> 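Please find one structure pasted underneath; my questions will follow.
Note that the coordinates shown come from a computational prediction; the quantities given were computed from them, not determined experimentally. Proteins come first, then strands; the chains are lettered A, B, ... in the order of their sequence lines, and each starts at number 1.
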Amino acid sequence: MNTAVWAVTGVLFSAGLAMVVLRRQLLAMLLGLELMAAAANVGLVHQACLLSDAEALAAVAIVIAVAAAEAVVGLSLILRVLRSGRGLGAGELTQLRG
Amino acid sequence: MSPLTLLWVLPLAGAAACLLAGRFGRTAARLCALASSCAHAGACLAVIKPFIAGGGAGLIAVGGEPLAFGVSYLLAADGFSLALIGLTSFLTLVCVVSSWELEVSAAYWANFLALASALCGVFLARDLFIFYVFWEATLIPMFFIIGLWGSENRRHAAVKFFLFTFAGSVFMLLALLALVSAHHGATGVWTWDLQALKSAPLGAAGPWVFAGLLLGFGVKIPVVPLHTWLPDAHTEAPAAGSVMLAGVMLKMGLYGLIRVAFPLFATLSEAWAPWLAGLAALNAVYGALCAMAQTDLKRLIAYSSIAHLGFCLLGVLSRTDQGLAGGGLQMINHGLTTGALFLMVGFLYERAHKRGLADFGGLAVRAPWLTFFFGFSMLASIGLPGLNGFVGEFMSLSGVAHSAVPLLSVPFFAVAGVVGVTLAAAYALPAYQAVFWAPEAPQSVSGRVTDLDAREKGILWALSALMLWIGLAPQSWLTLIEPSLRGLVR
Amino acid sequence: MTPAQIPVEAWLLFAAPVAAILLGFFVMRPLAPEKTHWPILLSCAVVTAASFALTARVLAGHSFDVNFWRWAGVGKWGVDFGLRVDGPGMAVLSMVSLVGSLIHVYAAGYMKGDPGFSRFFLVFHLFFLAMIGLLTSNNFVQLYLFWELVGVASYLLVGFWFHKESARAAALKAFLVNRVGDFGFLLAVLLILAYYKVAHFHLVYVQVAGGRHEMLGVIGVLLIWAACAKSAQFPLYFWLPDAMEGPTPVSALMHAATMVTAGLFLLVRAWPLIAAVERLPHLVAAIGAVTALGAAVVAGTKKDLKRILAYSTVSHLGLMMLALGLGQVAAALFHLFTHGFFKAALFLCAGNIAHALGRSTAGVDDVGGMRKAMPVTYACFVAAALSLAGVWPLAGFYSKDAILDAAWRRGGGYAAAGLLVCAASAFYIFRMLFLIFHGKRPQQKRGGERPHEAGPAMAVPVVFLALGALAAGCLRHEISNLVLFGLKGLPMGIPGMAGALNLPGQPLLPEFDWVVFALGTGMAALGAACAYCLTMVDAGWDWRWRGGAAERVFESDFGWKIVVDKIAGGVVACARLVGNVLDKAWWDGLIEGLAASTRGLSERLSIFSAGRLNDSLWWMAAGAALLLGRTLR
Amino acid sequence: MILLPQAALAGGVLGALGLGLLRRPPALAVRALTFLAPLAALLLLPMTPAGLLPPLIAVDIKCLGWQLVIYAAALPLALRSSADDVEAALFLGVVLGMGLLTAAGNLPMLFLALEFMSLPAYLLVARAGTGEGGRRLEAAVKYFFAGALAGGLFLLGMALYYSQTHLLGPSPRPVGLLAQGGVTLMAAAALFKIGAAPLHWWLPDVYEAAVPEVTGFLSTAMKAAAVLFLMRVVQLVPSANFAPLLPWLGAASSLFAAVMALRQESLQRLLAYSSMAHAGLLVLGVGAWARMGQSPVAAAAILFYLGAYAFMSNGTFGFLAATGLRTRAQLKGYARRQPGLALAFAALLFCLGGVPPTGGFVAKLLVLWQAVAAELPGPAVLAALSALISLGYYLGLVRDLYFEEPVMESPAPGGACARILVLVCAFGALALGAAPLLLKDLAGGFWR
């Protein structure tokens, strides 16, 4: 059973990572980030229940809260990018280089 | 405030005073600079006079109360350091007087005095941290002197000078750190005191640390492969800048070798002496050959400095009494002769803004006094007996021919040295003739050259008198230098 | 003998010239430059008197050698300066001071009106002081000091008329060749100090006599090399003919009588060292013979008067070296003594002639039939010429005969060389005599005024020198005693020195030998006859053979000058290669290139950060993976 | 009581937001808050005794030292006069996050503090500053995604670590491979925050686009927090597998940054790479610290370096803010226009270059000293090489400043307050040069 949970975590995390690194769309990348956070949470919550460790469960709660905050900040930035008329593609963000 | 602390604080205070005086106009700054350099020269004499009276073997030391990081404020001066400090203060005075008429800002004088202070610090420090701080501190004033008041491509020369020396010094710093850490490993005490570090057990890292020190000092001497900063820095520096650069700053490297590197690594320096002597001999011959190929007068004198320093190094490496004393004395002599030569090229440059050998000609008619003094210094520089250049070279070479160090006793280093002496005439005389004796070339600028005025003649008389004094009666100078040197390397 | 007991004349030898020079430089030059020579002539008189007084002391057996001043001393190593007044020194010094003073008087007349008058006299007297110092120093370092000072003085004087390109080149060549010679001398002094621990002559003699012969061969060769440079012997003689660019008094004093003898004097001082190595004397003799013969032959082909005399000087110095090589110290010194007189006289006559024609130097084709115009010069020239050729009662005969006798006794090549040199020297001197004074060729009118006899200031010294050339022979016994005495009765002022050291070889001049007399005079007559036919009888000889291959051979001194030019060119090319190519282009270029390449590297690296977000994240993930991989292994 | 400084900062944040609610935020009050809160934290610092609030909070003497450095480094940005309450709140939020980081007890708290200081920082970069925000927005987006990715890595690392050691704090016993992997991932997150070589791509863009004061703040306070974060991760396990890599990683990234900075035309981007070079040196210091068994001496050296760097970096970026210069071309001959400011900037450049009589030298010396003492010759030589190359462009800047002729018309200098800041920073950096004298008794304990 233990390995199954780790397999899920691994798959989810690598999917999230792939989305962040490969996708061009900013939104998709944001989703990828959330996916990675969720994957780590799965592993954490599984282990915490096994050991019924309160501190770990508190950690899970913290992680969920932080992931949410992250999403908020991410969305606000993406909205500003949209409003400035440059579309969602990550490709156009190349003013800063060298 | 012990006299030794005064020796390096006085010029620094003078520099600050010059900057303040700069507010009230140029003459105030100049007068303040003159006052502080005279005061500094006076202080040096006050310290040296009783020292010589006491037989020149003593050692004035300042107590080393401990500071943070194992550093302790440890200054000491023996005959050798005092001689070099005397040379520094004298040449600073010469620089101040010789650039009296230049329209320069107060920062010019402040930089020279700061440089003098840092140089005195180097010659006084006995704590390696303080030694290193002063060693690098000399770079900043010289960087600004070359950069702000130099000639055409001064910017490149200033940056090259700073980076080149810094490259050597950074690896020297690593060597010092390794030394201090090794000492801490053995005794559990952090200290930077030169005497204490002699017992640092370095084991396998010993040669590497010694090589780091040699790299740091070698860049400054300069030893041939590490010398390419010198011609640019000397050529682009203002007249007074080249005097200080050639007169004293080149001696920091050799002083560092004698004071720090050799005592710390007695066995290694004995083992590597033949290789270093080979480099020194290469210095002497290579410098002379390069000087023969130059068309710019100042660049020629710069390369001749490389040759002269080769003799000093040869003398020091021979580890014999006369070799050491000869090397030490040659450092002072080179300061005087090359200082005088650079001054005169500076006077020429002030008048005609040209330095090439082909740009002049016929100066013997237009400026007879300049011809006389240039000839006098040039003869001293190529080692005419009876003038100071010969004494140093003769004793150094006699030391090398006499040396007991294996491989060094076979006289081919002496032969190379004497070849260097012979080549000296081959580069100096044709240049002298081209500038002073040859008739005016069509595109020459000799028309703008006027003869020396009283101030310039005064300086050159003082320098020539010193050259003649050392040349004919070097014994009094040797009693100042020799006792302290002998104890160092033995 | 303590320093306090040094006789006052010895101090005057130095005090007078120094005072005259200082007075001249600081007082006379600014105030009355044209009177600079007054204090200097006075100092010459004082020096001459002092040297004669000292010679009398030495003849009376009171020569001395004492250290009075520690120049530089460190631990066990030390060099002291001192005075050594002994036979060889005084023999040469007496001639030098007398001839020198006369030439100083001559120079006062010759250089009158020259813009550099005061500069000339100051340097001229500095040379005089240096020569005195050289002859009276008692150790190798002090000798080297004055040796170099003499070299510098010759540089300044040969290049006196620095507006002339040829004078500048000649001065530079003279100094550099002397410098090459000094390479040997300095190295020899260093080796002596290193292996014998002391530089003082006598202490070295004692050690050499005591059997220490370390590195003596090398030291001997180096000293000979130095002597060859200064005394213009075979390998390094080529600077002397060009040194004729200097004013005539310079040529007369330095390049005939005094400076060039310094090399020989060095060998005399170092003779115990050289004699201790059995092959070296032969080397000296061989160099002397080759130089004497070669120079005498070339002298016969030269056109310029002073160059003929220059080659003649090289030839006579070769003879002195030959005598020294054969062990005849006294003969060599005596010939040096007489040569000083007649060669200086010849030079001054040549100077007068050139002066009369209003030129600095005259060639053989500019003069002719001057007998009636300049009777005094003619008389002196004849006297000196006969003395040079070695005609019986004159001084030149006695000294040359002694050398010929030694060469004849040694036989073989030396004898042949000696005889041939007699013939050749007679040939070139009589050729000069006939061409200048008896030549039938009509005189070209140049500048209109007829050549007139030189003024009294220039004529009187020539006359005295000519008398010296005639009468110096009778002093031969005094000179040989002087050389002998000088070496025997030498009370040592220096502690730890054994009794006087006898120089190897017979110190006394050989007795009169009829066979040698006949041979010498015969060869001289043969030479004179050839000169007569080739100049007076067949007048065109001097020009017919020129322009052909023969001229190139003689002009380039049998090809030696071409070899020297190649060597000099090689050194300069090597310097330019090292200086410009190796140092500036390659090495400096390498270091500057290193700095530039780091900037270039930064250029190339910046293409990685093209600013795209995904690339950054990709690099981050890859970096983390790399880190993970490295730690999990 | 032990969280007094952090409480003061939180009060500041709420106050700034509260004022915002009143629609017309009086500019003076907002500015006072942005200035007072860090100052209050600074003053309250010594009074807070060490203590534990398990498991989340652990405050001890060393942690107070770190807080001192961080708050001091944050002060200059507090001075920036901006009427915008949101910006003030964001700034105070970031500083609060750093405060929490120093006091973090276990891993979740560490993660919380990490994100608490990062998220407002992304917005601060986007918002602070006048004029068109396009470049700043792009930089903020890059910063956000990089930061979030690092956060994700940290989470995964924490999960792995927890799964094997069942602990969320430092484990006394050596740990297995899985946990080591976790620790390494966490270290990667820390290295991202510091800006070490492979994970540095965001740094130049963010530092170039942000307003100079913000960049100064990021390069000093954020860097100090990140270094502390890395040290906390290293302390998690007795002998972390990634520790031996740190010195090489640090030296290599310092060398890389020095080379990259050589050719930069924009001043801020050049100083960004220079800041990255110093970060590399700090990572080398942490590596030496880890290798010497986390000796306090090495920690003191790193703290000193960060203190000195705070002066230097705030000073140089303050100079850019005060003078409004953007490119090296504008810098040419500036000494003739503003001699005082130019002299301060030159002094700061010499400090950054590590030229002896200055504080920068003592800082660099101490870190190199630890590297050599920890027998790390390779990284020490690389660091020395990077110091040499970095001096190349520092001297280049001084050369432009003093030796070149003024070419372009440079913008008008800023307010007096910014100029005074630059002078104070320059003086502070130079004064540290006499550290052996000044810290005679304080550091005595360490170095005796």
> Do Thr422(B) and Arg179(C) get their side chains close enough for a donor-acceptor pair, meaning under 3.5 Å?
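No, Arg179(C) and Thr422(B) have no side-chain donor paired with an acceptor closer than 3.5 Å.
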
> Tell me, side chain or backbone of Leu149(C) under 4.5 Å from chain B's heavy atoms, or both, or neither?
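Both parts, backbone and side chain.
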
> What part of Trp69(C) gets closer than 4.5 Å to chain B, counting heavy atoms only: side chain, backbone, both or neither?
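Just the side chain, heavy atoms under 4.5 Å.
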
> Do Ser166(C) and Glu245(C) meet the criterion of a side-chain donor-acceptor pair at a distance under 3.5 Å?
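Per modelled atom types, Ser166(C) and Glu245(C) side chains form a pair under 3.5 Å.
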
> With respect to chain C, which residue among Met292(B), Met395(B), Gln322(B) yields the maximal number of heavy-atom pairs within a distance under 4.5 Å?
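Result: the option with the highest number of such pairs is Gln322(B).
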
> Against chain C, work out which of Ala364(B), Pro430(B), Ala438(B), Ala325(B) has the most heavy-atom pairs shorter than 4.5 Å and name it.
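Top option by heavy-atom pairs under 4.5 Å: Ala438(B).
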
> What residue, out of Gln433(B), Gln294(B), Glu482(B), has the most heavy-atom pairs lying under 4.5 Å from chain C?
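With the most close heavy-atom pairs to chain C, the winner is Gln433(B).
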
> Is Val152(C) in contact with chain B via its backbone, its side chain, both, or neither, using a 4.5 Å heavy-atom distance?
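Val152(C) touches chain B through side-chain heavy atoms alone.
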
> Counting only heavy atoms closer than 4.5 Å, note whether Ala291(B) contacts chain C via side chain, backbone, both or neither.
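Neither part.
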
> Regarding Trp161(C) and Asp114(C), do their side chains bring together a donor and an acceptor under 3.5 Å, going by distance alone?
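There is such a pair between these side chains.
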
> If a pair satisfies salt bridge (Lys or Arg N to Asp or Glu O under 4.0 Å) and one of its residues is in residues 414-441 of chain B, list it, with sequence neighbours excluded.
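Passing the test, one end in residues 414-441 of chain B: Arg366(B)-Glu440(B).
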
> Using a cut-off of under 4.5 Å on heavy-atom pairs, state which of Val141(C), Leu577(C), Leu187(C) scores highest against chain B.
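It is Leu187(C).
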
> Just checking, is any N or O donor in the side chain of Gln207(C) or His213(C) under 3.5 Å from an acceptor N or O on the other one?
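The answer is no; no qualifying pair exists.
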
> Should we count CH2 of Trp586(C) as having more than 12 external heavy atoms under 6.0 Å?
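No, because the 6.0 Å sphere around CH2 of Trp586(C) holds 12 heavy atoms or fewer from other groups.
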
> Is Leu172(C) close to chain B through its backbone or its side chain, or both, or neither, when contacts mean heavy atoms under 4.5 Å?
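Contact with chain B: backbone and side chain both.
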
> For chain B, which candidate among Glu148(C), Arg576(C), Arg70(C), Lys76(C) shows the most heavy-atom pairs at distances under 4.5 Å?
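Heavy-atom pairs under 4.5 Å are most numerous for Glu148(C).
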
> Classify the side-chain pair Asp80(C)/Asn139(C) by whether it contains a donor and acceptor separated by less than 3.5 Å.
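There is no such pair between these side chains.
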
> Tell me, side chain or backbone of Phe175(C) under 4.5 Å from chain B's heavy atoms, or both, or neither?
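Contact with chain B involves the side chain of Phe175(C) alone.
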
> Using non-hydrogen atoms only, which part of Leu193(C) is less than 4.5 Å away from chain B: side chain, backbone, both, or neither?
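Both parts, heavy atoms under 4.5 Å.
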
> Please flag which part of Leu379(B) lies under 4.5 Å from any non-hydrogen atom of chain C: side chain, backbone, both or neither.
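The side chain, not the backbone.
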
> Between Tyr144(C) and Phe140(C), is the ring centroid distance below 6.0 Å?
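No, they do not, as the ring centres are separated by 6.0 Å or more.
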
> For chain B, which candidate among His163(C), Glu592(C), Lys197(C) shows the most heavy-atom pairs at distances under 4.5 Å?
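Option with the top pair count is Glu592(C).
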
> Please check: side-chain N/O of Asn333(B) versus main-chain N/O of Met467(B), any donor-acceptor pairing under 3.5 Å?
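A pair under 3.5 Å: no.
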
> When the ring centroid of Phe436(B) is compared with that of Phe372(B), is the distance short of 6.0 Å?
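Not close enough - the centres of the two rings lie 6.0 Å or further apart.
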
> Please classify the contact of Tyr427(B) with chain C as side chain, backbone, both or neither, using a heavy-atom distance under 4.5 Å.
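Tyr427(B) has no heavy atom closer than 4.5 Å to chain C.
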
> Is it the side chain or the backbone of Tyr155(C) that comes within 4.5 Å of chain B heavy atoms, both, or neither?
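Both parts, heavy atoms under 4.5 Å.
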
> Based on non-hydrogen pairs under 4.5 Å, which of Phe162(C), Trp587(C), Trp71(C) is most in contact with chain B?
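Option with the greatest count: Trp71(C).
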
> State yes or no: are the ring centers of Phe185(C) and Trp225(C) separated by less than 6.0 Å?
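Ring centroids of Phe185(C) and Trp225(C) are no less than 6.0 Å from each other.
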
> Measure from NZ or CZ of Arg212(C) to the centre of the six-membered ring of Tyr195(C) and say whether it is under 6.0 Å with the direction within 45° of the ring axis.
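The answer is no; the distance or angle limit is not met.
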
> Looking only at heavy atoms and a cut-off of under 4.5 Å, which of Met215(C), Arg119(C), Lys584(C) has the most pairs with chain B?
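Option with the greatest count: Lys584(C).
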
> Is it the backbone or the side chain of Leu478(B) that comes under 4.5 Å from a heavy atom of chain C, or both, or neither?
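Contact with chain C involves the side chain of Leu478(B) alone.
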
